[in-house]
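These notes concern the structure reproduced below.
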Amino acid sequence: MSVKVRFAPSPTGYLHVGGLRTALYNYLFARHNGGKMVLRIEDTDRTRFVEHAQENLIKMLQWAGIEIDEGPGFGGDCGPYVQSERFDLYTKYANELLDAGKAYYAFDTAEELEEMRTRLQSGTKGDYRYDRKNMRNSLTLAADEVEKLIADGTPHVIRMLVPENENIIFHDLIRGEVKINSQEVDDQILIKSDGFPTYHLANVVDDHLMKITHVIRGEEWLPSTPKHCILYRAFGWEEPLFAHLPLLLNKDKTKLSKRQGSVAVEDFKLKYNRDAFVNFVALLGWNPSGDREIYDMNELIELFNLEKVNKAGAVFDTQKLDWYNFQYLQKLTPKEMASELADELKKREMPEMPEEYLEKVCVLVKERVNFIADIPDYAPYMLGDITEYEEKYLAKHWTKEKTPLMKELIARLENSPEFNYEPMHELTKAYCEEKEVKLKEVIHPLRLMITGKSIGAGMFETMEVLGREECSKRMKNFIEIYG
RNA sequence: GGCCCCAUAGACUAACGGUUAGGUCACCACCCUUUCACGGUGGCAGUAUGGGUUCGAAUCCCGUUGGGGUCACCA
């Protein structure tokens, strides 16, 4: 049987990085096995629906390079792929369970349930499960009474009838055998009083109908998997294979959440290189063995397997992500870098510059920044006039006494036949020998004049990019102020 | 609290009974050097704990401790 997996998010806002990783693993698994990737939108909670969330979800998946084979707007034989459009299906299957005596109606109000919980809580066990024997439902009420309540339009839900004292065993591809006694499983609501299904019902029905072979999802679903198993059994359907992925964690090891930093993929999209981000996320919880760190999408597909997915959660630490960004930044072409830099300039409302020039700037400083967007801060002097001279640097490397020495060097540099690295370097070295000073003695003052900062790329490379005219202007300007 | 899952350095991880426990990020030092980086070399730092099983355990089993997840008419 060919592999078919699904990513089934709720359209409740942005795409969470944890969700993206789940989607990525599903995708890698599907592609590795020549299978299909389904996108299903789980929008059964109408109160949490967010406009445009679906489009955003899809946009982010596509940005990450995750291709969808079946889903809303992607075609496929098992549609529709949006649960709110499958409404009738769930009612039909719920009724099937009702008829088979594997589900029942319940008429309890929110207050009654609340009461029930406080009552159970005060008991010895701390058991919050639905007390089916003492509540208002079709198990405790007479048949004609139930009929009447429904006919009167009394709000009601459908609950699944969990078998008593039965061991629910399922095999998880990552965790091995997991066993839970049905005593621990609640009589889960299948159909809410608004007629919509809950996640559990919709999920099981859809996974079955869509012929999903592997359910790969986050570990937070592990505790409710027995419910799903009970449903598969009640319907007499074959269960898919389950794989519960380790969670992505905050620094304090709790489930990754918004409170402790960005978790929206769109935020990362703004800052990070796509391939760097995917590479990083792929290796959070999975590793193909070996000492390599850099993998492109095709390699990830080729190497991915569920057996090597870890069991323990992984802290989402952006420090390493920054390093990945640096690695991928080095691989970009000058043109790609220049285009990013141009975008950044625009964002900062800085003057536009010729692409050719920006390319040179990027090549000059790329191994000194983790992000292209850092360049305007790292080397503002490449993108505009010098606004200040770093105080400490000035104090350390400049005194008025240096004026004659520097003036003559400036004159020679200005007249260098080629305003390039090599001749200027040679010229300056020769000058230092002649004057019997170390190269450092003149390079620091030069850097000060040209950049105003103590850090930066090689001096003559920097001057070459800036050009003869600009450098000449800056050197003269400096002498005028401090000479 | 009940149930479930998990446990290799600060972080990500390798090891699938036999290694001086390997790699990467971060941090530190040195080399390179024209400052800062890059690069190179080296360093810091780990099998939570107690028992078993075994000739031999990070690896298998049990207990303990610790952490997490989950217990909704949310997914």
Side-chain angles (χ1 to χ4, degrees), chain A residues 8-12 42-45 47-48 83 106 108-110 113 117 121 125-129 155-159 172 174-176 178-181 183-186 188-200 202-203 217-226 244 246-247 249 251-255 280 283-294 307-308 310-324 326-327 330 365-369 378 393 396-397 425 428 438-444 446-448 451 453-462:
Chain A
S10 292
T12 55
E42 310 220 326
D43 59 346
T44 54
D45 184 0
T47 63
R48 294 211 305 166
Q83 287 185 333
D108 318 284
T109 63
L113 288 170
R117 289 194 183 102
Q121 201 172 2
K125 275 192 168 174
D127 191 344
Y128 307 104
R129 287 173 304 135
H156 61 277
V157 300
I158 298 175
R159 285 181 182 267
D172 186 281
I174 293 167
R175 279 149 226 285
V178 179
K179 188 168 80 180
I180 290 183
N181 191 282
Q183 299 291 25
E184 307 294 337
V185 183
D186 202 1
Q188 186 64 49
I189 289 178
L190 265 17
I191 300 283
K192 299 181 263 188
S193 56
D194 64 2
F196 272 77
T198 57
Y199 169 85
H200 306 283
N203 193 264
R217 59 185 6 172
E219 194 190 339
E220 69 265 30
W221 293 111
L222 198 52
S224 49
T225 304
H244 289 92
L247 261 20
L249 272 24
K251 283 206 194 333
D252 65 3
K253 305 264 187 184
T254 54
K255 189 162 84 165
F280 171 71
L283 263 46
L284 236 34
W286 169 79
N287 192 292
S289 300
D291 294 340
R292 202 147 59 104
E293 302 288 335
I294 306 294
E307 292 72 45
K308 285 196 171 288
N310 295 136
K311 296 185 184 76
V315 173
F316 188 81
D317 181 6
T318 52
Q319 208 162 37
K320 191 158 185 180
L321 175 52
D322 288 356
W323 175 81
Y324 268 109
F326 175 84
Q327 297 300 318
Q330 306 314 311
V365 301
K366 68 171 182 175
E367 59 212 17
R368 289 171 168 81
V369 293
Y378 180 80
Y393 196 49
K396 190 172 177 188
H397 291 286
H425 190 206
T428 309
K438 287 185 174 168
L439 193 60
K440 284 183 191 178
E441 306 284 333
V442 301
I443 285 211
H444 287 301
L446 260 185
R447 181 174 295 284
L448 197 49
T451 74
K453 294 184 67 166
S454 61
I455 57 167
M459 196 61 252
F460 301 111
E461 291 94 324
T462 302

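Per chain, numbering begins at 1; letters A, B, ... match sequence-line order.
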Complementary nucleotide for [N] - Watson-Crick or wobble, under 3.5 Å:
N      : value
U33(B) : none
A21(B) : none
C60(B) : G52(B)
G1(B)  : C71(B)
G66(B) : C6(B)

Taking side chain to side chain donor-acceptor pair (under 3.5 Å) as the definition, give me every residue that meets it alongside [X], ordered by chain and number, with sequence neighbours left out.
X       : answer
D252(A) : T254(A), Q260(A)
E461(A) : none
K320(A) : E293(A)
S454(A) : E390(A)

Taking the [atom1] atom in each of [N] and [M], what is the distance between them to the nearest angstrom?
N      : M      : atom1 : result
U33(B) : U41(B) : C1'   : 16 Å
C12(B) : G18(B) : P     : 25 Å
G51(B) : U59(B) : P     : 14 Å
G63(B) : G2(B)  : P     : 15 Å
G67(B) : A57(B) : C1'   : 24 Å
C6(B)  : G43(B) : P     : 36 Å
U70(B) : C55(B) : P     : 45 Å
G17(B) : C61(B) : P     : 12 Å

Below 3.5 Å is the cut-off: list the nitrogen or oxygen pairs between protein and nucleotides 72-75 of chain B, distance only.
residue : atom : partner : partner atom : Å
C73(B)  : OP2  : R117(A) : NH2          : 3.4
C73(B)  : O2   : S193(A) : N            : 2.7
C73(B)  : O2   : S193(A) : OG           : 2.6
C73(B)  : N3   : S193(A) : OG           : 3.0
C73(B)  : N4   : D108(A) : O            : 3.1
C74(B)  : OP2  : K192(A) : NZ           : 3.2
C74(B)  : O2'  : D45(A)  : OD2          : 3.0
C74(B)  : O2'  : R48(A)  : NE           : 3.4
C74(B)  : O2'  : R48(A)  : NH2          : 3.4
C74(B)  : O2   : R48(A)  : NH2          : 3.4
A75(B)  : OP1  : T44(A)  : OG1          : 2.9
A75(B)  : OP1  : K192(A) : NZ           : 2.6
A75(B)  : OP2  : Y199(A) : N            : 3.2
A75(B)  : O3'  : S10(A)  : OG           : 3.0
A75(B)  : O3'  : E42(A)  : OE1          : 3.1
A75(B)  : O2'  : S10(A)  : OG           : 2.5

Classify [X] by what it touches in the nucleic acid, base, sugar-phosphate, or nothing, heavy-atom distance under 4.0 Å.
X       : result
R447(A) : base
V442(A) : nothing
F280(A) : nothing

Using atom types as modelled and distance alone, determine if a side-chain donor or acceptor of [X] lies under 3.5 Å from a backbone N or O of [Y].
X       : Y       : result
N310(A) : P246(A) : no
T44(A)  : T198(A) : no
Q330(A) : K366(A) : yes
K453(A) : Y393(A) : no

Please write out each protein N/O paired with an N/O of nucleotides 10-19 of chain B under 3.5 Å, distance rounded to 0.1 Å.
residue : atom : partner : partner atom : Å
A11(B)  : OP1  : K253(A) : NZ           : 3.4
C12(B)  : OP1  : V315(A) : N            : 2.8
C12(B)  : O2'  : L283(A) : O            : 3.3
C12(B)  : O2   : K320(A) : NZ           : 3.4
U13(B)  : OP1  : G285(A) : N            : 2.4
U13(B)  : O2'  : N287(A) : ND2          : 3.0
A14(B)  : OP2  : N310(A) : ND2          : 3.3
A14(B)  : O3'  : S289(A) : OG           : 3.3
A15(B)  : OP1  : S289(A) : OG           : 3.1
A15(B)  : OP1  : K308(A) : NZ           : 3.0

For L247(A) against G218(A), the heavy-atom pair lying closest together: CD1-C, 4.5 Å
Rounded to the Å, how far apart are [X] [atom1] and [N] [atom2]?
X       : N      : atom1 : atom2 : result
K255(A) : G67(B) : NZ    : P     : 19 Å
N181(A) : U70(B) : CG    : P     : 22 Å
E461(A) : U35(B) : CD    : P     : 13 Å
H425(A) : U35(B) : NE2   : P     : 11 Å
L247(A) : C4(B)  : CG    : C1'   : 13 Å
K396(A) : U35(B) : NZ    : P     : 10 Å
D172(A) : U70(B) : CG    : C1'   : 15 Å
R129(A) : G2(B)  : CZ    : P     : 14 Å

Which residues share a ring pair (Phe, Tyr, Trp, His ring centres under 6.0 Å) with [X], sequence neighbours left out:
X       : value
W221(A) : Y199(A)
Y324(A) : none
F196(A) : F87(A)
H200(A) : H228(A)

Suppose the criterion is side-chain hydrogen bond (donor to acceptor under 3.5 Å, both in side chains): which pairs have a residue in residues 188-197 of chain A, not counting sequence neighbours? R46(A)-D194(A), Q188(A)-K227(A)
Given protein heavy atoms under 4.0 Å, the one-letter contact record of nucleotides 37-45 of chain B, with B base, S sugar-phosphate only and - none, is simply BS-------
According to a strict under-4.0 Å criterion, is K311(A) in side-chain N/O contact with OP1 or OP2 of G68(B)? no
